[in-house]
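Small disclaimer: the values here were computed from a predicted structure and weren't measured.
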Amino acid sequence: MRGGSGSVAQTTTETNSDLDPSIENYRNFQMPLNYPRYTKVDYEGMPEWKLDRLLSEYGLPVSGDVAQKRNYAMGAFLWPHWS
């Protein structure tokens, strides 16, 4: 039943990034259909260009030196039982 009392919940223009500025860094993250199937050993030997491509493919930050990128990729994609 529709009423003219104006009691309908109003939409808001406030977004998550308005609430928490740290979310802005991950705005482009895309939930993968399948996680990469690399092991810890694979990540440790992976060239920087491949790490860059992998991280950017999932909308994750591609910054820092190669060691930081490796650690970030392992933290994002390795599950404890895959290590």
Side-chain angles (χ1 to χ4, degrees):
M1 174 179 195
R2 290 187 180 184
S5 65
S7 61
V8 177
Q10 296 190 12
T11 58
T12 179
T13 57
E14 187 174 58
T15 63
N16 286 339
S17 61
D18 293 333
L19 300 174
D20 185 356
S22 67
I23 292 174
E24 187 65 30
N25 295 335
Y26 304 100
R27 175 170 272 185
N28 295 323
F29 176 75
Q30 298 174 20
M31 185 63 178
L33 294 176
N34 296 302
Y35 269 63
R37 294 188 177 264
Y38 296 115
T39 64
K40 184 177 181 180
V41 172
D42 294 331
Y43 285 112
E44 290 172 343
M46 192 175 285
E48 187 171 9
W49 68 266
K50 196 168 184 178
L51 286 165
D52 290 346
R53 192 177 82 188
L54 178 67
L55 293 171
S56 64
E57 198 173 298
Y58 290 95
L60 297 169
V62 183
S63 59
D65 63 21
V66 70
Q68 291 170 322
K69 292 175 189 179
R70 275 195 183 100
N71 286 334
Y72 191 90
M74 287 188 282
F77 297 121
L78 286 181
W79 293 53
H81 66 278
W82 287 357
S83 300

Mind checking salt bridge (Lys or Arg N to Asp or Glu O under 4.0 Å) for E44 and listing every partner two or more places apart, or none if nothing turns up?
none

Any [X] side-chain heavy atom under 4.5 Å of [Y] side chain:
X: V62; Y: Y72; result: no
X: Y38; Y: K50; result: yes
X: F77; Y: L55; result: yes

Test of understanding: with side-chain hydrogen bond (donor to acceptor under 3.5 Å, both in side chains), list the residues that count as partners of Q68, not counting sequence neighbours.
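Testing Q68 for side-chain hydrogen bond (donor to acceptor under 3.5 Å, both in side chains), a comparison that skips the adjacent residues, returns none.
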
Spacing of [X] atom [atom1] and [Y] atom [atom2] [to the nearest 0.5 Å]:
X: M74; Y: M46; atom1: CE; atom2: CE; value: 10.0 Å
X: L60; Y: L51; atom1: CG; atom2: CG; value: 12.0 Å
X: D65; Y: E48; atom1: CG; atom2: CD; value: 8.0 Å
X: R70; Y: K40; atom1: CZ; atom2: NZ; value: 12.5 Å

Return yes if some donor-acceptor pair links the side-chain N/O of S56 with the main-chain N/O of G59 below 3.5 Å, else return no.
no

Checking the side chain of D52 only, and the main-chain atoms of W49 only, is there a donor and an acceptor separated by less than 3.5 Å?
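No; judged by distance alone, with no hydrogens or angles, the pair does not exist.
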
